[in-house]
There are 2 protein chains.
Amino acid sequence: MTEPMYRRIAEDLRARIESGAIPQGTKLPTETELRDRYDGAARNTVRDAIKLLASRGLVETRPGRGTFTTRHVDPFVTILTAVRPPAADEPGLGGGEGEDAFAEIGQQGRTTSASGPQVSVQQAPDDVAARLQIPPEAQVVCRRRELVVDGTPLSLRTEYYPFDFVTAGATDLVQAGSLPGGATSYLEQRLGLVQVGYQERILVRPPAKDEAKFLEITDNGRVAVIVRTRYQAARRPFWVTVTVLPAERVELVINSGTVPDDHTAPVVA
Amino acid sequence: MTEPMYRRIAEDLRARIESGAIPQGTKLPTETELRDRYDGAARNTVRDAIKLLASRGLVETRPGRGTFTTRHVDPFVTILTAVRPPAADEPGLGGGEGEDAFAEIGQQGRTTSASGPQVSVQQAPDDVAARLQIPPEAQVVCRRRELVVDGTPLSLRTEYYPFDFVTAGATDLVQAGSLPGGATSYLEQRLGLVQVGYQERILVRPPAKDEAKFLEITDNGRVAVIVRTRYQAARRPFWVTVTVLPAERVELVINSGTVPDDHTAPVVA
DNA sequence: GCAAATTTGTTCGTATGTATT
DNA sequence: CAATACATACGAACAAATTTG
C-alpha cells in the first residue's frame with residue numbers, strides 16, 4: 001500500500017513548489033543532488049519523479065541546463081463571441097465582423113506582432129473539405145498567420161477558401177499581402193458573399209510537431225483548436241478558419257446578454 | 001542526427017496504428033515480444049516508446065493485461081450557446097434557460113444517466129468567490145452531479161449559490177432532490193432573481209485526482225473546464241456553474257446566426 | 001573559438017513487485 | 001497457486017546540449 005518512491009519524491013517536490021518554497025521559474029536541484037537528498041534513490045528514479053511533474057505541467061526540463069518550475073503566466077483571454085442584447089437596428093449576429101473576428105482582447109498594453117500571411121494553394125484537408133462541403137480532392141487557398149503577444153507565441157491561424165473564389169474574381173486571395181479592407185468586405189465586394197451565421201467548434205488534442213515548436217509547448221502539452229465555419233445565404237459554408245492555441249495558456253470567453261464590462265481577469269483555477 | 005531508438009520504435013508503432021495495421025482497441029505485442037522484434041532493444045527502451053505513445057493518447061497500458069490502442073469514440077458534441085437570429089418577441093439571450101443550460105445534445109439515441117445532486121455547504125473556492133463577488137470566506141451551496149452517457153462518464157458539474165439564498169427563502173437549494181421546475185424558475189419564484197446575461201469561460205488543465213478517476217482519463221490527460229457565471233439585474237452575479245469534461249473526448253460548439261441544422265458531426269481533426 | 005565542466009538524455013542489463021488471467 | 005505482463009527500482013555507461021573558463 002506504500003506509494004512507489006518516484007511518486008513520493010514527486011509529491012514532496014510538488015508540495016515544495018506549490019507552497020512557494022521553490023518559487024516560479026527557478027531551477028530545481030540537479031538530478032544527482034536530488035538523488036542524494038532522497039535517501040540515495042537512483043538517478044533514474046528521480047528522473048521518473050520529474051517526468052511525472054513535467055506531465056502535469058509543474059516543471060520543464062532543458063537539456064544541459066536543468067529542471068525549472070514553470071512560470072505561471074496569466075492566461076490570454078480570448079473573447080470568442082460577444083452577443084449583446086439585440087437592438088432594433090442590429091443584425092444581432094455578434095462577432096464575426098472584419099478580418100480579426102476572434103478578437104484577442106484583454107491584452108491591452110501588450111505588444112502584438114503578426115506574421116504576414118503565408119499563402120498557399122493545396123488540396124483541402126479532410127475536415128476542411130467536409131466543413132466547406134466541397135469534394136475531398138478540391139483545391140483550397142490557405143492563408144496562414146502566426147501571432148505573437150509580448151514575445152510569447154499565441155496562435156497559428158489558417159484561413160481556408162475554396163479555390164473557385166480565385167477564378168471567380170477574388171484574385172487577391174492568393175496574394176501574400178493583407179486583403180484591402182479585410183477578407184469579409186473583400187469577399188462581399190468581389191463575390192457578393194454575405195455572412196449570415198457561423199459556427200465555432202472547440203476541441204483539444206496533442207500538438208503536431210510544427211505546432212509544438214512554434215507555440216513552445218512540450219511533448220505532453222495540448223493545443224486547443226477552434227474551427228470557425230462561416231455561412232452565407234442558404235446556409236452554404238464559404239470560409240473556414242482554424243486557430244491553434246496553446247491550451248494551457250489561454251482562456252476562452254463567451255459573453256451572452258448583459259454582463260459586466262471587465263471580462264479580462266482570468267479565473268484562477 | 002539519428003533519432004533515438006525509443007522514438008524510432010514509437011514512430012513505427014504510430015504508423016502501424018494510424019494505418020490501421022493495428023486496429024483500434026486491440027492489444028499490442030507484449031513488451032518482451034516488441035523487444036525481440038526491434039533488433040533486441042532493451043525492454044526499458046520499448047517501454048519508453050510506449051510511454052511516448054501513451055502521452056499522445058494513442059495507447060493505454062493496463063498492468064497485468066497489456067498495452068491497447070485507444071478506441072476513438074466519437075467526441076461528445078456539446079452545444080454551448082445557440083444564438084438564433086433575434087426575433088422581435090425574443091429576449092435574444094440564447095441558451096441559459098432551464099436547469100440544463102449546457103444542452104448536451106448531439107447524443108440522440110444515447111442512454112444518459114445523471115447522479116442525483118450531491119448537496120453540500122462549504123466555504124467558496126477562491127475562483128467561485130471571485131466570480132460571485134462574495135468574500136473568500138463566505139459560504140456557498142454546492143450541488144454536484146455526475147453525468148454518464150452510454151456507460152462513458154461525460155461530466156462533473158457543480159452549481160454554486162451564495163448561502164444567503166437559503167436564509168433568504170430558497171430553502172430547497174440545500175435539499176438533495178431536484179428543484180421543482182428547475183433552478184432558474186425556482187430562484188425567480190422564491191427570490192425574484194432573473195437572469196439577464198451570462199459568461200462562459202473555457203480553460204484546459206490537468207485533472208485533479210477525483211476528476212481523473214471519475215472521467216477515466218490517464219495521468220497525462222486533460223480536462224476542459226467550463227465556468228458559467230450568470231448575471232441578474234445590475235450585472236450582479238448570482239450563480240456559478242463549473243463543468244469538468246474529459247478534454248479529449250468532447251467537442252464544444254457555438255452557433256451564431258443562421259447555420260445548418262445538423263451540427264452533430266464532429267470535425268475529424 | 002575551443003576545451004572542460006556541468007547537466008540532462010538515451011540505452012542497456014538485471015532484479016523484484018504487483019495486477020490479471 | 002502458477003504463469004503472464006506491466007510497474008518499479010537500481011546501477012552503469014555514454015551521448016548531447018549548455019555553460020563556463
Side-chain angles (χ1 to χ4, degrees), chain A residues 1-14 17 22 25-70 209 212-213 216 218-221, chain B residues 1-14 17 22 25-70 209 212-213 216 218-221:
Chain A
M1 194 56 250
T2 60
E3 284 280 285
M5 174 158 312
Y6 79 100
R7 285 182 191 274
R8 290 207 305 272
I9 296 174
E11 177 57 26
D12 185 69
L13 289 172
R14 188 195 60 76
I17 292 168
I22 306 176
T26 46
K27 185 173 167 301
L28 260 60
T30 67
E31 292 172 355
T32 38
E33 281 168 347
L34 288 172
R35 178 198 58 184
D36 298 338
R37 192 160 314 190
Y38 288 103
D39 194 30
R43 179 162 85 100
N44 274 339
T45 305
V46 169
R47 281 176 61 75
D48 281 346
I50 291 175
K51 278 181 205 161
L52 192 57
L53 296 176
S55 84
R56 305 217 173 139
L58 283 157
V59 302
E60 271 175 52
T61 72
R62 280 174 254 192
R65 298 199 52 196
T67 301
F68 300 81
T69 52
T70 49
K209 197 163 279 183
K213 191 176 176 190
E216 292 173 9
T218 57
D219 260 0
N220 39 46
Chain B
M1 195 54 251
T2 60
E3 284 280 286
M5 175 159 309
Y6 78 100
R7 285 181 191 273
R8 290 207 305 271
I9 295 174
E11 177 57 25
D12 185 70
L13 289 172
R14 188 195 59 75
I17 292 168
I22 307 177
T26 43
K27 186 174 168 303
L28 259 61
T30 67
E31 292 172 353
T32 38
E33 281 168 347
L34 288 172
R35 178 197 58 185
D36 298 338
R37 193 160 313 190
Y38 288 103
D39 195 30
R43 185 176 150 237
N44 275 338
T45 304
V46 170
R47 279 176 63 74
D48 282 345
I50 291 174
K51 277 181 206 161
L52 192 58
L53 296 176
S55 84
R56 304 215 175 143
L58 283 157
V59 301
E60 270 176 54
T61 72
R62 280 175 253 189
R65 299 196 52 195
T67 301
F68 300 82
T69 52
T70 49
K209 197 162 279 182
K213 191 177 175 190
E216 293 173 9
T218 57
D219 261 359
N220 38 46

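Side chains are part of it too, since the values below use all heavy atoms of this structure and drop only hydrogens, waters and symmetry mates. Naming: A, B, ... by sequence-line order, numbering from 1 per chain.
The shortest distance between the side-chain N/O atoms of A/Thr61 and the OP1/OP2 oxygens of C/dT7 is not below 4.0 Å. Using a 4.0 Å cut-off, some side-chain N or O of A/Arg47 falls inside it from OP1 or OP2 of C/dG9.
For the pair B/Glu33 CD and D/dA3 C1', the computed distance is 14 Å after rounding to whole Å. For the pair A/Asp39 CG and D/dT8 P, the computed distance is 19 Å after rounding to whole Å. As a whole-Å value, the separation of B/Glu31 CD from C/dT14 C1' is 15 Å. For the pair B/Lys27 NZ and C/dT21 P, the computed distance is 12 Å after rounding to whole Å. Taking atom CZ of B/Arg43 as the reference point, atom P of C/dT14 lies 13 Å away to the nearest angstrom. Atom CG of A/Leu34 and atom C1' of C/dT6 are 15 Å apart (whole Å). Going from atom CG of A/Asp36 over to atom P of D/dC10 covers 13 Å, rounded to whole Å. One can place CD of A/Glu3 at 10 Å from P of D/dT8, the figure rounded to the nearest angstrom.
Checked for salt-bridge contact, B/Arg14 and B/Glu11 meet the test: a charged N lies under 4.0 Å from a carboxylate O. Salt bridge status for A/Arg8 with A/Glu3: absent, with no side-chain N to carboxylate O gap under 4.0 Å.
Nearest to the side-chain atoms of A/Pro63 among the listed nucleotides C/dT11, D/dA17, D/dA9 stands D/dA17. Listed candidates were D/dG11, C/dT10, C/dC12. Nearest to the side chain of A/Asn44 is D/dG11. For B/Thr45, the side-chain atoms get nearest to C/dC12 when compared with the rest of C/dC12, D/dA9, C/dT7. Side-chain proximity of B/Ala42 to C/dT11, C/dC12, D/dC10: nearest is C/dC12. Of the candidates C/dT11, D/dC10, D/dT19, the closest approach to any side-chain atom of A/Arg65 belongs to D/dT19.
Across the interface with DNA chain D, nearest-nucleotide mapping of A/Asp48 and A/Gly64 shows A/Asp48 to be the residue nearer the 5′ end.
As judged by a 4.0 angstrom heavy-atom cut-off over every strand, B/Thr32 is placed among residues making no nucleic acid contact. Using a 4.0 Å heavy-atom cutoff across all strands shown, A/Arg62 reaches sugar-phosphate atoms only and no base atom.
Looking at A/Thr70, its side chain does come within 3.5 Å of a backbone N or O of A/Leu58 through a donor-acceptor pair. No donor-acceptor pair closer than 3.5 Å links the side chain of B/Thr45 to the backbone N or O of B/Tyr6.
Looking only at atom types and distance, the side chain of A/Tyr38 has a donor-acceptor partner in the side chain of A/Asp12 under 3.5 Å away.
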